[in-house]
Amino acid sequence: MEFSRFSTHLHWLLLFLASRGWVSDAQTCNTSAFADSYRQLFETLGLGKNDTQTTYMRPLSPGKTYTPVFVDLYVNSIIEVFEKEQSLSTQVKMITLWESVKWNQNQFCQIQTIAAAKNSFWAPDLVIAESISTEFGGKESLNVQLIYFGYTLLSEILSLNTACKLDLYKFPFDTQSCNITLQSAAYSNIDLKIFMLHDTGVLTNSSKQSFQSQGEWELLNISTIKSKFSPWYSYTDQLIYQITIRRRPLLHVINIMLPVFSFLVLDVTSFFMDVDGADKLSFKVTLLLAISVLLLILNDTLPSTADKVPLIGIYCSVIFSFIGISILETIFVNFLKARGADSRSSASADVAEQDDGVSGPQVNQDRNQNRQCQTSLCWMRLARITDMLFFILYISSIAVFLTMIGRVWYVL
Ligand SMILES: *[C@@H]1O[C@H](CO)[C@@H](O)[C@H](O)[C@H]1NC(C)=O
Ligand SMILES: *[C@@H]1O[C@H](CO)[C@@H](O)[C@H](O)[C@H]1NC(C)=O
Ligand SMILES: *[C@@H]1O[C@H](CO)[C@@H](O)[C@H](O)[C@H]1NC(C)=O
Ligand SMILES: *[C@@H]1O[C@H](CO)[C@@H](O)[C@H](O)[C@H]1NC(C)=O
Ligand SMILES: *[C@@H]1O[C@H](CO)[C@@H](O)[C@H](O)[C@H]1NC(C)=O
């Protein structure tokens, strides 16, 4: 029953806030009467006096022991996400509304809202649980707005830096969900209850509309969870805003993933290079060095969490190892070819020697030369076969690896 009364209240409130633009324009008094009413209203409400009731005491409305506080949180922009520090920097607009003094607008020249100094009023002491630092975006608002049917409205623009546990496993194709938890610093949930003013669909839609940055992050969703926690012996009301954001991956794809992939492609095509072994080797080592530069850049971005190694780390290091292995293979093939060349040159040296000497049977010499040449051919053939086999194995392992990691990246 209490709740239904609440929702009608809320309905009222929202209607009023929506129509405030034109309602407050309706003035029926002349200027002197208006000035009179304004002063009278101030005096009636006890503003400007050091009244304990309005300054320090929590307003109690009839029929309730607690003070309801309504909150709206709009995300204006996501300034930065710090992967290494695991925190999120945002600019939010927070609207807080709570019950307070009422007046009859007909007695006061249809004045529906007035602004008054914030420190002459009780205000809810809402804090953000994850806050690392909270600053006023621009300037702290000095005034609150009083509404004639008994509400006070405070609108603030805050620049927040909140802790957020980021899951970077799928970086740069990741979606993060960060919490902003509002709770009272001193009041338990017997004294103060926090409610949502607008529902989350409205919050999400208007946050998206007013979203001022077109940066790396895209706002997907704002949802809320009502909760309570127990710091000591009583419960405190909590309203958790869960902000879901998605990274635009293009920059990281262009900066890291594509270059690493193209180095791999270059490494594969170097199998068809028709140069001698040493040149090929230095080409491949250059590729390896280029990848390690990219790994350094990556190292600056990602934190060293022991949890799960991000996929992009696996991607880079596996490709790094692929190229490393292909360098080893090139060295091995070079070694085989060198053996072949050695055999051939020693064979021709033998022949040259035996040409000099006139003695010795011709047949034996020919057979010897033949065997030498065969060994040389043998080495060469072995080198070619190793190269071929390795190439096939290399291509297929690359294909298997890329499909596997691609599936994890996109499907999971
Ligand atoms: C303003 O209205 C009040 C009554 O509402 C009247 O007594 C007063 O004379 C008016 N003043 C002017 C300047 O019209
Ligand atoms: C209210 O109290 C504060 C400090 O307690 C004082 O500085 C201020 O002048 C007082 N205001 C009035 C209107 O009495
Ligand atoms: C946000 O709060 C909810 C509810 O307490 C919790 O389940 C979730 O893990 C929190 N998310 C983060 C990123 O801390
Ligand atoms: C939010 O916007 C979407 C699409 O723009 C619309 O379908 C949805 O009804 C809106 N929700 C609210 C609560 O306005
Ligand atoms: C937004 O969050 C709400 C509540 O968790 C959920 O029902 C809804 O499907 C989400 N919308 C999107 C687009 O993720």
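Remember, it's 1-based here, ligands and their atoms both numbered in the order they're listed. Because the structure is predicted, anything quoted here is derived from the model rather than measured.
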message = When you compare the side chains of Q238 and S227, does any donor N or O come within less than 3.5 Å of an acceptor on the partner?
response = yes
query = In terms of heavy-atom contacts, does CE of M273 have more than 12 from other residues, nucleotides or ligands at under 6.0 Å?
reply = yes
message = Using a 6.0 Å distance limit plus a 45 degree cone around the ring axis, check whether K308 lies over the aromatic ring of F171.
response = no
Which segment of I240 sits under 4.0 Å of ligand 3 when only heavy atoms are counted = side chain
Test: K193 and D237 ion pair at under 4.0 Å = no
message = With no hydrogens and no angle check, just 3.5 Å: does a side-chain donor-acceptor pair link K284 and S326?
response = yes
ask   = When the ring centroid of Y38 is compared with that of W103, is the distance short of 6.0 Å?
value = no
request  = Find out whether the Lys NZ or Arg CZ of K226 is both under 6.0 angstrom from the six-membered ring centre of F195 and within 45° of the ring's axis.
outcome  = yes
message = Strictly distance-based, threshold 3.5 Å: is any side-chain N or O of W217 a donor or acceptor partner for the main-chain N or O of E80?
response = no
key: Distance filter under 4.0 Å to Q242 heavy atoms, resulting ligand 3 atoms   = 1 (C)
Amino acids in close contact with ligand 4, where any non-hydrogen atom sits under 4.0 angstrom away = G201, V202, N205
query = When you look for heavy atoms under 4.0 Å from ligand 3, do you find them on the side chain of S177, its backbone, both, or neither?
reply = backbone
query = In terms of atom number and element, which parts of ligand 3 are under 4.0 angstrom from non-hydrogen atoms of N179?
reply = 1 (C), 2 (O), 3 (C), 8 (C), 10 (C), 11 (N), 12 (C), 14 (O)
